[in-house]
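What follows is a short report on a single structure.
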Amino acid sequence: MTPRRSASIYLILSVIGGIFILLIAWLGFSESPSITFNDKLMVGGAFIASCLFGISLALRPGWTRRSSRARDHAHIADKRERSGRRMTGHHPDCEGFNGHVMEFMGRTVCSGCTGLALGSIVAIVFTIAYIALQVNADAWILFVFLIVGIVLVAISLTDIILSLGEARLHNRINTFLVTGFFLVVVSVHQLTGSAAFGLIAIIISFLWLDTRIQLSSKRHRDICKACDQSCKAY
């Protein structure tokens, strides 16, 4: 399967996932949901664990697949060494990737991954507050939160596809992506009163995150392909 087709399939699945989330919230809606502390602890704990996993991916992209691609990575590293091209913020130090890196605390970092990490930290704080506090929100407010969460996810994916802005805007959009995950998970859990539906929302959030990674990888390959330099990092 070509990278372009793989990214397209992920995008289609993400749209289906969004529709599925809306159907779960609508059809599973309960006017008086019974949510126990243990339910919140289960869904919130799973989401916090997911955020920690996302932070690890942001700090070390692709570590979960590195073993199966070790040979390819070694070949790429050899090409970079021979071409003299160095990496900054795990991107090639070339003009084509200027919009993908930014200065943060005196270091050059990947704007997208840094945004994901910061967003995950914020989402963890929100989730701890959700577990600890009593939530008494009207159904229409929860539905608004759900729609806002899905819109934030859609904006993040659109940013990758169309390359909407410069590095710092890209960073903020990815920060809001994880906030979108949080809004979706909590809204679905509160609207349905079902821990199972809350966990399903977390699984679909993983699909959205993986779609973002696939689209980002495709974008990187397209940049390298359009470049006339011999050092092809992707």
Side-chain angles (χ1 to χ4, degrees), residues 10 13-61 63-65 113-157 173-214:
Y10 268 90
L13 290 176
S14 288
V15 173
I16 294 174
I19 295 173
F20 186 56
I21 283 289
L22 291 173
L23 288 175
I24 286 177
W26 183 260
L27 299 178
F29 171 67
S30 173
E31 292 186 359
S32 56
S34 176
I35 300 177
T36 66
F37 176 78
N38 287 337
D39 289 338
K40 293 171 70 175
L41 193 61
M42 180 187 303
V43 174
F47 186 71
I48 289 174
S50 301
C51 287
L52 293 174
F53 178 71
I55 291 172
S56 74
L57 287 178
L59 297 177
R60 298 187 63 187
W63 68 264
T64 57
R65 303 169 182 171
C113 289
T114 304
L116 289 174
L118 293 175
S120 295
I121 293 172
V122 172
I124 288 173
V125 174
F126 285 166
T127 305
I128 293 174
Y130 170 66
I131 295 173
L133 303 176
Q134 185 70 29
V135 178
N136 294 308
D138 292 337
W140 72 270
I141 295 177
L142 294 172
F143 274 112
V144 169
F145 282 170
L146 177 61
I147 297 299
V148 170
I150 292 176
V151 168
L152 290 176
V153 173
I155 290 174
S156 177
L157 298 182
I173 288 175
N174 279 280
T175 300
F176 290 131
L177 170 64
V178 191
T179 305
F181 294 161
F182 169 79
L183 291 175
V184 168
V185 171
V186 170
S187 298
V188 168
H189 189 208
Q190 287 292 131
L191 286 167
T192 63
S194 169
F197 285 153
L199 294 175
I200 289 174
I202 293 175
I203 293 173
I204 292 178
S205 294
F206 267 109
L207 169 63
W208 289 333
L209 177 61
D210 207 13
T211 300
R212 183 225 173 263
I213 293 172
Q214 293 292 326

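Every value quoted in this text rests on a predicted model; they were computed, and no experiment measured them.
The shortest non-hydrogen separation linking Val153 to Leu177 is CA-CD1, 3.8 Å. Phe145 and Ser187 get closest at one heavy-atom pair: CB-OG, 3.3 Å. Taking both residues in full, the closest heavy atoms of Ser156 and Ile173 are given as CA-CG2, 3.5 Å, listed atom of the first, atom of the second, then distance.
For the atom pair SG (Cys51) and CG (Leu116), the distance works out to 10.5 Å, reported to the nearest 0.5 Å. Considering CZ of Phe181 and CD1 of Ile204, their distance stands at 11.5 Å, rounded to 0.5 Å. With values rounded to the nearest 0.5 angstrom, Thr211 atom OG1 is found 10.0 Å from Trp208 atom CH2. Within the model, atoms CZ of Phe182 and CD1 of Ile48 stand 9.5 Å from one another, a figure rounded to the nearest 0.5 Å. The line from CG of Asn174 to CD1 of Ile155 is 11.5 Å long, rounded to the nearest 0.5 Å. Note that CG of Leu207 is 10.5 Å distant from CD of Gln214, once rounded to the nearest 0.5 Å.
Side-chain contact between Ile124 and Leu52 is present, with heavy atoms from C-beta onward closer than 4.5 Å. Phe206 places a side-chain heavy atom less than 4.5 Å from the side chain of Ile202.
Ring geometry for Tyr130 versus His189: interplanar angle over 60°, hence perpendicular rather than tilted (30 to 60°).
With hydrogens and angles disregarded, no donor-acceptor distance shorter than 3.5 Å links the side chain of Thr127 to the backbone of Gly44. With Lys40 contributing its side chain and Leu133 its backbone, the two residues share a donor-acceptor pair below 3.5 Å.
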Applying side-chain contact (heavy atoms from CB on, under 4.5 Å), run through Leu209 and Phe53 and close with a yes or a no. CA-CA 11 Å; Leu209 177 61; Phe53 178 71; 5.7 Å; no
Evaluate Trp26 against Leu191 for side-chain contact (heavy atoms from CB on, under 4.5 Å), listing each step before the verdict. CA-CA 8 Å; Trp26 183 260; Leu191 286 167; over 6 Å; no
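With Ile150 as the fixed residue, the side chain to side chain contact (heavy atoms under 4.5 Å, CB included) test singles out one of Leu183, Ile19, Val184: Val184. Results of the side chain to side chain contact (heavy atoms under 4.5 Å, CB included) test with Ser205 over Ile200, Val185, Ile21, Val178 single out Val185 as the only residue that passes.
Around the CZ atom of Phe29, the shell of radius 6.0 Å holds more than 12 heavy atoms that belong to other residues, nucleotides or ligands.
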